[in-house]
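Every value quoted in this text rests on a predicted model; they were computed, and no experiment measured them. All chains are named by letter (A, B, ...) in the order of the sequence lines, taking the proteins before the strands, and each is independently numbered beginning at 1. The figures that follow rest on heavy atoms only: side chains count, while hydrogens, waters and symmetry mates do not.
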There are 2 protein chains.
Amino acid sequence: MKPGYREIKDWIFARIESGEWKEADLIPSEPELVRQFGVARMTVNRAVRELTSEQVLTRVQGLGTFVAQPKYQSTLVEIKSIKDEIAARGHVHRAEVLILKQIASDGARAEELGLAPGEPLFHSRILHYEDELPVQLEDRWVVPAQAPDYLAQDFGTTTPNEYLVRAAPLQRVEYSIDARLPEAAVGKRLKMAAGEPCLRLHRRTWSRGAVASVADLWHAGSRYQFAGAF
Amino acid sequence: MKPGYREIKDWIFARIESGEWKEADLIPSEPELVRQFGVARMTVNRAVRELTSEQVLTRVQGLGTFVAQPKYQSTLVEIKSIKDEIAARGHVHRAEVLILKQIASDGARAEELGLAPGEPLFHSRILHYEDELPVQLEDRWVVPAQAPDYLAQDFGTTTPNEYLVRAAPLQRVEYSIDARLPEAAVGKRLKMAAGEPCLRLHRRTWSRGAVASVADLWHAGSRYQFAGAF
DNA sequence: GAGTGGTCTAGACCACAAT
DNA sequence: TTGTGGTCTAGACCACTCC
């Protein structure tokens, strides 16, 4: 048996789906729904409150409850940890640390990280293998103040991501995905054919109110894609 | 003044954030929180229920409430309508209809659309301009049964997307993003340099329990990226 | 002032899991 | 049987918006 609040949610949702109630329409008030369904106000309230948190309705105190703007026609791409992703496919993940050292921040990178040029900066370059085939080259630059022990980690077993979410709790993420030809060194490491494009994810993370790290994730175009469904 | 349920939510959340309660830990029961905060059970219940719907906690009837698995380190890319996106940048969008006709479905495409080879199929190819520079070439194949009037639309003013969300309410979406060299005709239309890669979004939509359409959105790698923040 | 939503109480009965 | 969460009732007081 469906609970009462569920019954009411479905009833409201059906009215919106059918087009009977359109965007910005005023829907029946709580007391009205109470009369209609013969339940307590708390039950009606829960139904309407949940639909509001699901962005199906919007409420204004003193005014009423309205049908919300229909959701964007949007596609959500979820980029998971490369390690988990490979494991989920039932394959073996291996990481090879190519670079792990402190460098001096230069002009453009310094600006992106919020550091002054010349300030120290951690840089790692890690190649991720899926069953012995390289699939991702991960360049990462980390602000030392946010993760002082970065250079002491064993990134053969823990990914920088896994370490950073603990060391510098994520506050904000900014990202972009593009298609571009790889730098020569990148193409070589990923064993890519000449002229083959890369799918690149650029990501900047914030922690404790400041930039924590910047990462470039390079993938061979012929062997990698971001995919999903909803 | 913060409402009671909010107070309790924050208190629980703080305990998880600080590490005091870790993943899969059992948290105090509802009666226990009722005693602790001196409120009615409904108030505690709302706090815990909301944290559960926010995937911070998981509950098992008869067992207890536990700290949920920490959320994935994930990146969400939202791909909006190209038209809205261009408008949001304050630029002018224009669409040029290159192809709009019925064709016979062929092998691979027929299978992807759930049609028998030879069955009729609508095909459109539209070039989207941002301030007179081509930014997206949209190839779309539509199942006639799902949108019989597809060929009669004016896709210079309405995008196929806008039409389809009305004609065939979205039920499910499957997509992938990859980097690849464009077919010759595509590269030419997008005014791309030789050897320049494309950022391609492939999307399949379902409506009324069946595949409704398949789309290939091609973007010049040098002029387009999927981006966002959260 | 009348109507709306926001929140809360102090009970209640039920389903489910562990013992 | 005990303890857990799932749901519900019949009230209540408050803040807000509109007339």
Side-chain angles (χ1 to χ4, degrees), chain A residues 1-18 20-71, chain B residues 1-18 20-71:
Chain A
M1 192 45 200
K2 210 164 23 173
Y5 77 93
R6 199 55 257 181
E7 202 86 52
I8 299 171
K9 280 181 76 172
D10 291 350
W11 182 82
I12 294 173
F13 197 77
R15 235 124 229 92
I16 294 173
E17 271 233 307
S18 74
E20 184 175 336
W21 296 346
K22 294 190 210 328
E23 182 184 342
D25 276 2
L26 182 68
I27 79 161
S29 70
E30 292 196 358
E32 201 146 332
L33 291 169
V34 164
R35 278 190 296 278
Q36 187 170 330
F37 285 90
V39 297
R41 190 181 151 215
M42 275 298 264
T43 305
V44 165
N45 179 267
R46 174 169 177 183
V48 179
R49 184 156 37 77
E50 289 194 357
L51 284 173
T52 302
S53 84
E54 290 160 19
Q55 311 202 8
V56 173
L57 301 173
T58 60
R59 318 194 78 178
V60 184
Q61 199 177 33
L63 247 181
T65 303
F66 306 85
V67 177
Q69 229 181 16
K71 276 187 208 159
Chain B
M1 192 46 200
K2 208 161 32 169
Y5 77 92
R6 195 62 255 182
E7 202 85 54
I8 298 171
K9 280 181 77 173
D10 291 349
W11 182 82
I12 293 172
F13 197 77
R15 235 125 229 90
I16 294 172
E17 270 235 306
S18 75
E20 184 175 336
W21 295 346
K22 295 191 209 326
E23 183 184 340
D25 277 2
L26 181 67
I27 80 161
S29 70
E30 292 197 359
E32 201 147 332
L33 291 170
V34 164
R35 279 190 296 277
Q36 187 169 332
F37 285 90
V39 296
R41 190 180 152 215
M42 274 298 263
T43 305
V44 165
N45 180 267
R46 176 170 177 184
V48 179
R49 184 155 38 74
E50 289 193 358
L51 283 173
T52 302
S53 84
E54 290 160 20
Q55 312 203 4
V56 173
L57 301 173
T58 60
R59 317 193 79 177
V60 184
Q61 199 177 35
L63 249 180
T65 303
F66 306 86
V67 177
Q69 228 180 18
K71 274 189 208 155

Please tabulate, for the side chains in residues 35-42 of chain B, all donor-acceptor contacts under 3.5 angstrom to protein atoms that are two or more places apart in sequence or on a different chain.
residue: B/Arg41; atom: NE; partner: B/Glu30; partner atom: OE1; Å: 2.5
residue: B/Arg41; atom: NH2; partner: B/Glu30; partner atom: OE1; Å: 3.1

Side chain to side chain contact (heavy atoms under 4.5 Å, CB included) between A/Val48 and A/Leu33, worked out: CA-CA 10 Å; A/Val48 179; A/Leu33 291 169; 4.1 Å; yes
May I ask you to check whether over 12 heavy atoms, not counting those of B/Phe13, lie within 6.0 Å of atom CZ? no
A/Thr65 side-chain N/O to C/dT4 phosphate OP1/OP2 under 4.0 Å: no
Of all heavy-atom pairs linking B/Glu20 and B/Asp25, the shortest is O-OD2, 4.2 Å
Could you pick out which residue, B/Pro28 or A/Leu63, lies toward the 5' side of DNA chain D when each is mapped onto its nearest nucleotide? B/Pro28
Is any side-chain N or O of A/Arg59 closer than 4.0 Å to OP1 or OP2 of C/dG6? yes
Hey, which sits more toward the 5' end of DNA chain D by its nearest nucleotide, B/Arg49 or B/Glu32? B/Glu32
My understanding is that only residues two or more places apart in sequence, or in another chain, count here; which of them pass side-chain contact (heavy atoms from CB on, under 4.5 Å) with A/Gln61? none
Enumerate the protein-to-nucleotides 8-14 of chain C contacts in which both atoms are nitrogen or oxygen and the separation is below 3.5 Å.
residue: C/dC8; atom: OP1; partner: B/Gly4; partner atom: N; Å: 2.1
residue: C/dC8; atom: OP2; partner: B/Tyr5; partner atom: N; Å: 3.4
residue: C/dT9; atom: OP2; partner: B/Ala40; partner atom: N; Å: 2.7
residue: C/dT9; atom: OP2; partner: B/Thr43; partner atom: OG1; Å: 2.6
residue: C/dA12; atom: N6; partner: B/Arg41; partner atom: NH1; Å: 3.2

Under-4.0 Å side-chain N/O to phosphate OP1/OP2 contact, B/Ser29 with D/dT4: yes
Measure the distance from CD on A/Glu50 to C1' on C/dG6 and round it to the nearest whole Å. 16 Å
Check whether any side-chain heavy atom of A/Ile8 sits under 4.5 Å from a side-chain heavy atom of A/Leu51, and report yes or no. no
